[in-house]
Amino acid sequence: MVHGEVWTIKELFTYPNEYIYWSIQIVMYPFMTGLVAGAFVLSSLYHVFGVKQLKGMARFALVFSFALLFAAPMPIVLHLQHPFRGINIFMTPHFTSAIAAFGIVFSTYGAIVASELWFIYRKHFVEIALPLKTKQDKTLFEWFKYLVFCALTLGVYDISEESLKRDEKAIKILAGLGIPVACFLHGYAGFIFGSVKANALWMTPLMPVIFIMSAVVSGIALCMLTYIVVMEIRKFLASRKKTVYTHLQTREEIGGVEINVIRMTAKYLLLFLIFAISLELLDLIFRGYTAVKSWDVLRSVIYGKDFTNIFILQYAIGNLIPFILFLMPGFTIRRAVVGVILVLFGVFMMRWNVVIGGQAFSLTFLGYMHYHLPIIPHNWETFKEGLGGALSIFIMPFVLFWIFSKIFPVFDYKESH
Amino acid sequence: MITRRDLLKYTIKGIAGLAVPIAALEIVNPNKIFAGKNDKSKTRWVFLVDTYKCVGCGFCVKACKNENEIPYDANVTRTWVERYVVTKDGELFADTPKGARDGFTTSKIDLGAGKYQDIKKEEISKAFFVPKLCNQCENPPCVQVCPVGATYQVPDGVVLVDRKTCIGCGYCIMACPYGVRFFHPVHHTAEKCNFCYHRITKGMKTACVEACPFGARQIGNIKDPDDPVTKIIKTERVGILKEEFGTKPQVYYIGLDKEVR
Ligand code: SF4
Ligand code: SF4
């Protein structure tokens, strides 16, 4: 069978070679990079703009962004027909292509996040490595830990007041530098779509900006969600095993910190959500007003075939309801959880409506294509470009985050600055 | 003992010997090689379709599939033929069942998803066939977007795909406004019409041109003023497809209708 034929149903007049070639993994790709960029911007709000209330969230968001970073290119790998040649994008980039910039932007961004993390956790590494160094007869595990943390210090053991001051400066610079790079990382994902002149729905210079705004929204939402979950676990532990986890505060203390941070973060989420929605509406109104050749078919897709996806799932459930939830007085954690889950869903639907919606109509403007997400896989292709593949990609950053938090403790570590 | 003469000899030999590996290091510029082999200014392949002559038999599609080893039953094809039917009340119907590989065996219009529409003969105000293939655009968006340069244009204008480097991202498929690209079912790389490049560069005609019993398809070199195709394009009224995309397509049509997509 031809690639794409399994999940495409064609209707009316379409060209014979047209199928939905960009499927679920291409929906996942901007969704994941969006989360990366959003999480980073959130952490920078504290480091660069000194938003004090976000202190608790900043380090958390940064480590999470790092975990997401590794998951971001995975959808592309699963999407490629020749995944082992994917490295060619880095090795032999063809620079007129938007995708070719991926290697450069991605590694620059990765380097910035990694070095910022290093500066933040340098003191922690030294504090773990030094006592282990002097310790007599280490166990095998301690040897391993010693070697890992020794390597992580990169041979710098100076943790005097002065050098830590300098670290702080470096963190600030890196966080500041990271914001435009993070926006670029995601804006260019928008450019990949926005510059396809053959696609009437995609082609708009607003695409990168819309992508960045909704990226920040989704990144903040995911950080809030994960933060709440982690805090709840800590609350649970604090009430159960008080004696073992002495470094944990009491249940009430944790709860107090939690609601404050969440309330503050929610404000930023709303702000970016407003930007995102305004831009999307502007795009829609503009298309309807100018009504160029493609408008007839676009209208039939937007107001007809994809109405539920766009107006019910994306705008109503994904934007409007959380908006009301966040603004209603008497804000609670439970309401925040529902709100952020809906926001995440809304952003996912936005990506879906762009990627799949952009292929819902034929280049003939006379026919349509319907996408059926493969749910039960019957071969490798329907797994990787189906529900299973998408879920694996979504779970990946959480697993990575759990591993990374062993090295970069997000909460228990005492403040250095 | 080395004389001065020997020294000179050795030096020359040494330099000559070194020059060989150094030459191997020189970065290969495909354009330069092509330019040397195939004088840039002499050839620009173009295609001419006379829609008045096309009867929709689909011989060209069949010939193309066999010539270019596109699995016969796969629902993709490098070239295809479309049928347009306009009724008296101005309604437009169009279809291309299996790319017209077997021609148009029924007068019913294929609406996709297994549905057909019957149109009465007396309701038809006009009907015609339009063969399609890659336009070998002068400004090809498919080449622009390929992240690894697997899709490239040779100086004689034809756009080719390198199956050994294509990573299968599908960006070029998205970028082509004419829908001529697809993934090869066997090689899993981007695939499209290349004017039978293996044939035209040896002085032969493309498989579809040879297969067409009515002379609806012609290939020519627009840089050669004596080429019959060039003469027609230069002196008669010809149209191109989807001009608004700025791709500068190089497949010219005689008798193009405004309804053609
Ligand atoms: S018709 Fe499509 S595939 Fe052919 S050169 Fe033009 S853009 Fe590329
Ligand atoms: S599918 Fe192949 S030829 Fe097309 S853009 Fe991707 S790498 Fe290039």
Can you find a heavy atom in the side chain of B:Phe182 that is under 4.5 Å from one in the side chain of A:Tyr21?
yes
Are the side chains of A:Gln359 and B:Met174 in touch, meaning some heavy atoms are under 4.5 Å apart?
yes
Side chain to side chain contact (heavy atoms under 4.5 Å, CB included) assessment of B:Phe93 paired with A:Phe13
CA-CA 8 Å; B:Phe93 294 93; A:Phe13 177 44; over 6 Å; no
Can you name the closest pair of heavy atoms from B:Thr189 and A:His82 and give their distance?
CG2-NE2, 3.5 Å
Need one label for A:Ile192: side chain, backbone, both or neither, based on atoms under 4.5 Å from any heavy atom in chain B.
both
Please look at B:Glu244 and chain A and tell me whether the side chain, the backbone, both or neither of the residue comes under 4.5 angstrom of a heavy atom of that chain.
side chain
Report yes or no: does A:His94 contribute a side-chain atom to a donor-acceptor pair with the main-chain N or O of B:Val145 at less than 3.5 Å?
no
Which one of A:Ile76, A:Ile89, A:Ile99 satisfies the side chain to side chain contact (heavy atoms under 4.5 Å, CB included) criterion with B:Ile167?
A:Ile89
Which bit of B:Lys98 comes within less than 4.5 Å of chain A, counting heavy atoms only: side chain, backbone, both or neither?
neither
Is there a donor-acceptor pair closer than 3.5 Å between any side-chain N or O of A:Arg85 and the backbone N or O of B:Cys166?
yes
Which pair of heavy atoms, one from B:Val76 and one from A:Tyr19, lies closest together, and at what distance?
CG1-CE1, 3.9 Å
Under 4.5 Å from any heavy atom of chain B - which part of A:Ser362:
neither
If you look at every heavy atom in B:Gln144 and A:Thr96, which pair is closest and at what distance?
O-OG1, 2.8 Å
The interface call for A:Lys10 against chain B, heavy-atom contacts under 4.5 Å, is backbone
Is the backbone of B:Arg78 close enough, under 3.5 Å, to the side chain of A:Asn17 for a donor and an acceptor to pair up by distance?
no
